[in-house]
Amino acid sequence: MKPVFALVDCNNFYVSCERAFNPRLAGRPVVVLSNNDGCIVARSDEAKALGIAMGVPAFEVADILEKNNVHILSSNYTLYADMSDRVMQTLSAFTPEIEIYSIDEAFLNLAALSKNPIECARRIKATVKKWTAMPVSIGIAHTKTLSKIANRIAKKSPDAGGVFDLTSAGDIDALLGTIAVEHIWGVGIRTAIKLKKAKIKTALDLKNADTYWIRKKFGVVGLRTVYELRGDVCYCLEENPPTKRQVAVSRSFGEPVDDVGKLKEAAAAFAVRAGEKLRQEKLFANLISVFVTTSPFIKNKYFNSQTAAFEVATNDTTELICTACLCVEKLYRKGCLFKKCGVILHSLVSENQIQHNLFDAADREKSKRLMRTVDLINTRFEASLHWAAEGLKQPWQVKFKRRSKRFTTDWSDLLEVA
DNA sequence: TCTGGGGTCCTAGGACCC
DNA sequence: TCTGGGGTCCTAGGACCC
């Protein structure tokens, strides 16, 4: 049976999360900002209509925001993650054939669920709205790439009502002719420029392109996109997420850092968080990379990274901190104003894949018990245990000046209705 | 003045082996 | 003096995604 992919995509996800708990935001232009209130990462339809682009620095559009009385919010990831869980759980109630693709998107296979996918999708859309207050759009097609396009049509076309089915659409080619190449899933800015130079401007052009030429110029990835546009499945539904290949924690600083001690504290704090993620996934790292960078927008920018190997793969926070700090010592450069730092753990393995060392001096059992206890306390009492290496005063901490409350994950932030 | 974060996959090229 | 060919593994960098 041919798969029938339904791509469910939350509309303006971060903004919709905020609106779910603040009805006064309905109908108003709203934007959500990235860390340190730097860039615009989500916009309501009203904000999009003002010409505010995705990803632009907030200061560049400051006057538009001001003039139009746009409601500006810092991002509130705790709230968004919890809302995402609720949406995904609702979708899972319809079918086990679901792939959670990102915080605000999921692919479903409707083939076995219903003979009438569009009616089914409308039911899903209504249920998600009712149970979670989240507006979604749904695109249906026989490949993932086409379902992305169907979703785009569902969002843009006023008479679609938020649901569009390409499998029952009459003239698919006519529709593909209206989609610019840069709006195809898998075609980024660089590929789009190259394609346009070759007079390939729409999804229809790409569908009919010469596969030999595509393979040569854009590799197998480009080729897959062409086949998917033709309706041949290259990307299946991935119901079980593959194990992570890397874990990264990086932040731009709220204030620039010029002191090696402070830089180490930041790296230590990121190593702590990376260790938590690693243990959540029950993984161990063979390698750690640390990078530091000044602002990329200044004249004498400086970027550097260091990679170190562990003797035995580890997820022990103490060990991660020590190695991260050694890396920072090698990376630090006097006189630089550092703006960002990050810790990346890679070459990850599960416990039974660890290559042990005959002369290993570490007490791995003790470390395991300690980490388990720390994690337990921090889950139970919300991050109450810290490592001294993280420092007490953290001037580099990310700043969120306009953050909404943790409505769904903190008792003291519970919404009150008067 | 102010510019996010966390991932994946693919490819080319070097090191190394027989 | 003249110095092959085929394979694997690893890594860095590019491109893309949300």
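Atom set for the values below is all heavy atoms of this structure, side chains included, hydrogens, waters and symmetry mates excluded. Since the model is a prediction, treat every value here as computed from it, not as a measurement. Letters go in sequence order (proteins before strands), and every chain restarts at 1.
Stem analysis of DNA chain C (at least three stacked-register Watson-Crick or G-U pairs, each with both distances under 3.5 Å) gives B:5-18 with C:5-18.
Between the side chains of A/Thr167 and A/His142, no donor-acceptor pair is found at a separation under 3.5 Å.
For B/dG4, neither phosphate oxygen OP1 nor OP2 lies less than 4.0 angstrom from any side-chain nitrogen or oxygen of A/Asn36. Dashed line: the shortest gap from a side-chain N or O of A/Ser252 to OP1 or OP2 of B/dG5 is under 4.0 Å.
Of the charged side-chain nitrogens involved, none lies within less than 4.0 Å of a carboxylate oxygen, so that A/Lys405 and A/Glu18 do not count as a salt-bridged pair.
The stretch residues 318-335 of chain A has no heavy atom under 4.0 Å from DNA chain B, so no residue of it qualifies as close. Only at 4.0 angstrom or more do the heavy atoms of residues 347-355 of chain A sit from any atom of DNA chain B, so none qualifies. For DNA chain B, no neighbouring residue in residues 70-79 of chain A is found when judged by any heavy atom under 4.0 Å.
Within 4.0 Å of A/Arg224, counting heavy atoms only, lie sugar-phosphate atoms of the nucleic acid but no base atom. The residue A/Lys339 sits close only to the backbone: its heavy atoms come under 4.0 Å of sugar-phosphate atoms, none of a base. At the heavy-atom level, A/Val398 lies nowhere under 4.0 Å from the strands shown.
A/Gly161 approaches A/Lys125 most closely through the heavy-atom pair O-CE, 3.5 Å.
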Between protein and nucleotides 13-18 of chain C, map the contacts as a letter string: B base, S sugar-phosphate only, - none, heavy atoms under 4.0 Å, written 5' to 3'. --SSSS
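B/dT3 has no base stacking with the ring of A/Phe59 when judged by centroids under 5.5 angstrom apart and an interplanar angle below 30°.
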With side chain to side chain contact (heavy atoms under 4.5 Å, CB included) as the test, would you mind laying out the steps for A/Met371 and A/Thr317 before giving the verdict? CA-CA 8 Å; A/Met371 289 306 117; A/Thr317 297; 3.6 Å; yes
Do any N or O atoms of the protein come closer than 3.5 Å to N or O atoms of nucleotides 8-12 of chain C, and which pairs are they?
none

